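Worth knowing before you read on, the calculation uses all heavy atoms, side chains too, and leaves out hydrogens, waters and symmetry mates. Quick caveat, the model's predicted, so the values are computed rather than measured.
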Amino acid sequence: MRYLPLTDTDRREMLATIGARSIDDLFRDVPPSVRLPGPIAGLSSHMGELEVERRLGRMAARNIAASDVPFFVGAGAYKHHVPASVDHLIQRGEFLTSYTPYQPEITQGTLQYLFEFQTQITMLTGMEVANASMYDGSTGASEAVLMANRVTRRNKAVLSGGLHPHYRSVIETTAHWQGFRTVGAPVDADGIEDLSALVDKEVSCVVVQNPSVFGHVRDLTPLAEACHAAGALLVVVVTEVVSLGLLTPPGDMGADIVVCEGQSLGVGLNFGGPYVGLFATREKLLRQMPGRLVGETVDADGKRGFVLTLSTREQHIRREKATSNICTNSGLCALAFTIHLTLLGERGFTRLAEINHATAVRAAERLAKVPGVKVLNETFFNEFTVMLPKPAAPVIEALAARRILGGVPVSRLIPDAPLSADLLLVAVTETVTDADIEALATGLAEVL
């Protein structure tokens, strides 16, 4: 059976029906600069299934698995140990195959774990209410800006120079299509930016990451005060949720909206997804929060039960009244998050954060002893930035050839930033051993 059963005549008739001259017309909104100029080199257009499997198998064998080598890659996605019980539980049929609760009254189990999930998020972030998850941290950040625009009735967002570039790109893309403005602060590799001067009466919110993409940890209280004095909201992004086991919660520093990437708990790296976005805010802003909110109640017999208290999606209410077009959520990943955090408990979560930080400190101290390597951070949690005496990208390739995944070159995230070529992001979690740290330090000394 052909994978593409349509004939040339079929295609011409379909194009004529929709008024397109060619298939290329269907992609006219995709900039030519990001299109492939032709077929992928080295791939045949005619191969049997067995040949395809062999070819793809050889290509996959070129990858280096994160669990097989010393691994220091982070920049928004982190390798943590996930207990085997997490995967075992989420693969139960009632969890794995269920979908979003369109008839919530008969999906009490789903609603209960989402209620517990929301409770955990409010405790972690220091906020008052949380929703039943977002797609991931980056799209949650763009939804936070849209929410701030609605609350303040303004249309300008200030983006920190320490915000992950991928999060910034998602917000800027949303801004392009939703018609609001963004003001991006200069890249803040040193962690010294002062965003207060950019806050005026037109700003709806300031979006800042803590720890920043470069690993810097800051007290955001002064910035929150500056935002509130100007009538703006402070949106805090957290890409490494384990940091909340040790750092002051954003809510305690005056944040109005907190957005996190929850991948670190319960969810593997998974080649980039699916992940789970965490979204929390103040109770007074509840009705402008995107997504869904699960609440606790009692039934007619006085027994404990759960309901969808708030559903602001366009599938549930009139489109013009909806605050979000999120059409589903990362429910299974939210469950994995909840199970992992429940297994840890409050004390275990704090201990996990302490181990992450202590291991990262040992790594930073060891790398600082390598000739030519300079650690830029005065404060960090489990990720920090080092400056190398040469461009970081080829250094990382040389380390990979030695079976060491040494981090993320900043040039891969911010190609045009001054000095970014020599900067390297190094992430250290509880999975890193002292032998791994020594391997990285020795490898750097060899390739620099």
(request) Under the side chain to side chain contact (heavy atoms under 4.5 Å, CB included) rule, what do Ile437 and Thr359 come out as? Steps first, then yes or no, please. (result) CA-CA 9 Å; Ile437 295 172; Thr359 308; 4.2 Å; yes
Atom [atom1] of [X]: over 12 foreign heavy atoms under 6.0 Å:
X	atom1	answer
Arg304	CZ	yes
Arg153	CZ	no
Arg92	CZ	no
Glu296	CD	yes
Glu128	CD	yes
Glu346	CD	no

Tell me, do [X] and [Y] make a side-chain contact under 4.5 Å, heavy atoms counted?
X	Y	value
Val238	Pro250	yes
Leu308	Val294	yes
Thr174	Val145	no
Tyr78	Asn356	no
Gln263	Leu269	yes

(request) Apply salt bridge (Lys or Arg N to Asp or Glu O under 4.0 Å) to the pair Glu193 and Arg218, showing each step before the final yes or no. (result) CA-CA 10 Å; Glu193 70 177 2; Arg218 298 174 55 192; 3.5 Å; yes
(message) Looking at Leu425, is its backbone amide N or carbonyl O close enough to the side chain of Glu383 to form a donor-acceptor pair, meaning the two atoms are under 3.5 Å apart?
(response) no
(request) Look only at the side chain of Arg366 and the backbone of Ala441, and say whether a donor-acceptor pair between them is shorter than 3.5 Å. (result) no
(request) Would you mind telling me which of Thr139, Val259, Ile121 makes a side-chain contact (heavy atoms from CB on, under 4.5 Å) with Phe279? (result) Val259
(message) For Tyr167, run the side-chain contact (heavy atoms from CB on, under 4.5 Å) check against Leu159, Thr239, Val207 and tell me which one passes.
(response) Thr239
(message) For a side chain to side chain contact (heavy atoms under 4.5 Å, CB included) check, start with the C-alpha distance between Val370 and Val386, then their side-chain angles and the critical distance, and finish with the verdict.
(response) CA-CA 11 Å; Val370 177; Val386 298; over 6 Å; no
(message) Using the rule given for side chain to side chain donor-acceptor pair (under 3.5 Å), can you reason through Thr429 versus Glu240, listing the C-alpha separation, both sets of side-chain angles and the distance that settles it, and then say yes or no?
(response) CA-CA 10 Å; Thr429 71; Glu240 170 54 293; over 6 Å; no
(request) Output, in order, the C-alpha distance, side-chain angles, deciding distance and verdict of side chain to side chain donor-acceptor pair (under 3.5 Å) for Ser204 and Asn149. (result) CA-CA 5 Å; Ser204 67; Asn149 291 347; 2.6 Å; yes
(request) Taking all heavy atoms of Asp219 and all of Pro222, pick out the closest pair and write down the distance. (result) O-CD, 3.6 Å
(request) Considering only NZ, NE, NH1 and NH2 on the basic side and carboxylate oxygens on the acidic side, decide whether Arg362 and Glu365 come within less than 4.0 Å. (result) no
